[in-house]
Number of protein chains: 2
Amino acid sequence: MRDIYTRKSPRSGDCLIDKMGYYLELSRQDIDHLADLQRQEQTWRVRDVVREMGAPTEMFYVVKTGWCFSYTIMADGRRQVLQIHHPGDVIGIPDIAYEHAVTGLQAATDICLCPFPKSRLDTIFTDSPRLTALIMTLGMIDHVVLLDRIRTIGRMNADERVAHFLLEILSRLRITNPDVGDSFELPLSQELIGDTLGLTNVYVSRTLSLMERAGLIERIDRSIRIADEQGLRDMADFQDRYYRIDTSWFPGGALEKLSAGA
Amino acid sequence: MRDIYTRKSPRSGDCLIDKMGYYLELSRQDIDHLADLQRQEQTWRVRDVVREMGAPTEMFYVVKTGWCFSYTIMADGRRQVLQIHHPGDVIGIPDIAYEHAVTGLQAATDICLCPFPKSRLDTIFTDSPRLTALIMTLGMIDHVVLLDRIRTIGRMNADERVAHFLLEILSRLRITNPDVGDSFELPLSQELIGDTLGLTNVYVSRTLSLMERAGLIERIDRSIRIADEQGLRDMADFQDRYYRIDTSWFPGGALEKLSAGA
DNA sequence: CGTGATGTTGAGGTAGGTCAAGTCCCGTGG
DNA sequence: CCACGGGACTTGACCTACCTCAACATCACG
């Protein structure tokens, strides 16, 4: 199911550096830059709103611990969850095009984020073309994951949507934590999952129960075991967008060639 | 409905330069770069497939004339249209993260595209930080438009989806052609509109008929007149993502300040 | 003139929504 | 320590927005 693609930098225990280092051999300077983004920390409790829709977009955030999510709400209360953010993710880049945030940001668990001002990216852009290319590429991965989501919501039925969702979470987790195996904690309410997939909490509940009875997954509290990964992949037409990316065009090719043999 | 935001460079008749120039005061060199991307031209007929899903991603395309669209197809034939591309759009940037195209590309009308290799962007990146920032920002606009689409498909019913879709097309057209007023040619089959919005061709037909009977739109063949723009905006909770963007953080601030008074 | 792509309309079916009741769990406060 | 309240999950009964299938009309094109 997975081939021999290998992590490019050793794990450090810092999730941003781990995520970046999964794709790229990081220089000492790159690591310093990434550490620099995480000097400030701030915590929120479950269900706290970190940033309202329409707030000025001065800050980006790096997720240090916990899960949070971006969403929009319509006047009558209908909510659509747009993205789930995990440790190591950088939040806010799409907002650079606008003066006010187009999405809200809320804590799905207790979380610790590292806010940093837009301007901090400038130094990275001028100092490290490789890191810049990686940041852009990670943005494009997010983009492609959104395309998958559109296909999922637009053309798949409930069980296919849920299957795809679970697999997407799993592959995302595997980047920073290769040891997850086939089970993981899913600290998201079924209402939130429904608002992500264009379903209701009620139907998510029914669907998960059915999938469990069908032997596709197992559940204990909020932990999920993917019992039949290939079965889920087949039904959801799933492709892993995180596992392997194309870095061949990145600047600084010499370094790249060195690590390509790994 | 629209305030006094003004185009930053004069119209040139070239749609890529017009689109870029709408947001930014372009230098002579910038214009040369953009013209350079469009040296090669190639044409396709309606329904021709320009690029299959899974094809190697060596080329980007600038749309010169006509409309085309990106899509995915599932094994059983279900299709999801992901993006409609208009003259002036650059196609393919999300694919840089992968070696093979994650979407297909097909002509919705007879079209003329300008293919150019990935590497051609390099020179822009090193020569013009302002243009680079604009290209990134346009990518982020696409991203936000996708977020709107997800909300539309995930949480709105058929008439709201169609209303939102029509308004989105209209605001996109207004960038390069401020004279569209309230009517435009919509050279898209109802099946394609359905595949964009997660509906069937049959239900798109019914919905359009209902909207016409309600006095929201008028139709003659495939031309659409938006008869009640405010009404449509209210029902679809529409926000124009193309009209105005934040360029305040772009490098080369001096030039920006000069034009800020406009 | 035939063929295929497109749009319209009708009849009937179903996936998923809505509403509601009941359970479990955990955090808080007395 | 217990009582309470709110968040989360489950299950049942009923409903409806949208789908499916099908027939028919129109039009462009070779």
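Lettering of chains follows the sequences in order, A, B, ..., and the numbering in each one begins at 1. Atoms considered below: every heavy atom in the structure, side chains included; atoms not considered: hydrogens, waters and symmetry mates.
- Of the possible donor and acceptor atoms, one in the side chain of B:Tyr98 sits under 3.5 Å from a partner among the backbone N and O of A:Arg241.
- For DNA chain C, the outermost nucleotides in 5' to 3' order that have an atom under 4.0 Å from a heavy atom of chain B are C:dA5 to C:dA11.
- Here B:Arg172 does not pair with B:Glu168 in a salt bridge; the nearest charged N to carboxylate O distance is not below 4.0 Å.
- Checked by atom type and distance alone, the side chain of B:Asp110 never pairs as donor or acceptor with a backbone atom of B:Arg45 at under 3.5 Å.
- Outside the 6.0 Å centre-distance limit, the rings of A:Trp67 and A:His85 are not counted as a close aromatic pair.
- For the pair A:Arg78 and B:Glu160, the salt-bridge criterion is met [side-chain N within less than 4.0 Å of a carboxylate O].
- Considering all non-hydrogen atoms of both residues, A:Ala236 and A:Met156 come closest at O-CE, 3.2 Å.
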Quick one: which protein N/O atoms are closer than 3.5 Å to N/O atoms of nucleotides 5-8 of chain D? Pair and distance per line, please.
| from | atom 1 | to | atom 2 | distance (Å) |
| --- | --- | --- | --- | --- |
| D:dG7 | O3' | A:Arg47 | NH1 | 3.4 |
| D:dA8 | OP1 | A:Arg47 | NH1 | 3.4 |

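- Against DNA chain D, the stretch residues 152-168 of chain A makes no heavy-atom approach under 4.0 Å.
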Trace of the side-chain contact (heavy atoms from CB on, under 4.5 Å) decision for A:Leu166 with A:Leu186: CA-CA 9 Å; A:Leu166 294 177; A:Leu186 185 66; 4.0 Å; yes

Audit row: A:Thr43, A:Ile111, side-chain contact (heavy atoms from CB on, under 4.5 Å) steps and yes/no: CA-CA 6 Å; A:Thr43 61; A:Ile111 54 170; over 6 Å; no

Might you list the N or O atoms of the protein lying below 3.5 Å from N or O atoms in nucleotides 25-30 of chain D, with each pair's distance?
none

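- The pair A:Arg51-A:Asp95 counts as a salt bridge, with a side-chain nitrogen and a carboxylate oxygen less than 4.0 angstrom apart.
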Step-by-step side-chain contact (heavy atoms from CB on, under 4.5 Å) determination, B:Arg11 to B:Ile17: CA-CA 8 Å; B:Arg11 301 192 67 216; B:Ile17 294 171; over 6 Å; no

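- Checked for salt-bridge contact, B:Glu229 and B:Arg174 meet the test: a charged N lies under 4.0 Å from a carboxylate O.
- You'll find the side chain of B:Tyr242 reaches within 4.5 Å of the side chain of B:Val145, heavy atoms only.
- A heavy-atom distance below 4.5 Å is found between the side chains of B:Phe238 and B:Ser171.
- Side-chain contact check for A:Asp14 and A:Gln38: at least one donor-acceptor pair (N or O, by modelled atom type) lies under 3.5 Å.
- Contacts of residues 196-209 of chain B with DNA chain D (heavy atom under 4.0 Å): B:Gly198, B:Leu199, B:Thr200, B:Val202, B:Tyr203, B:Arg206.
- OP1 or OP2 of D:dT10 sits under 4.0 Å from a side-chain N or O of A:Arg219.
- Under a cut-off of 6.0 angstrom, the local environment of CG in B:Asp76 is crowded, with over 12 non-hydrogen atoms contributed by other residues, nucleotides or ligands.
- Judged by distance alone, with hydrogens and angles left aside, the side-chain atoms of A:Asn177 form a donor-acceptor pair with the main-chain N or O of A:Asp179 at under 3.5 Å.
- The terminal axes of the helix from C:dC1-D:dG30 to C:dG30-D:dC1, fitted over 5 pairs per end, subtend an angle of 40° to the nearest 10°.
- Remark: the B:Thr207 side chain and the B:Asp159 side chain contain no N/O donor-acceptor pair separated by less than 3.5 Å.
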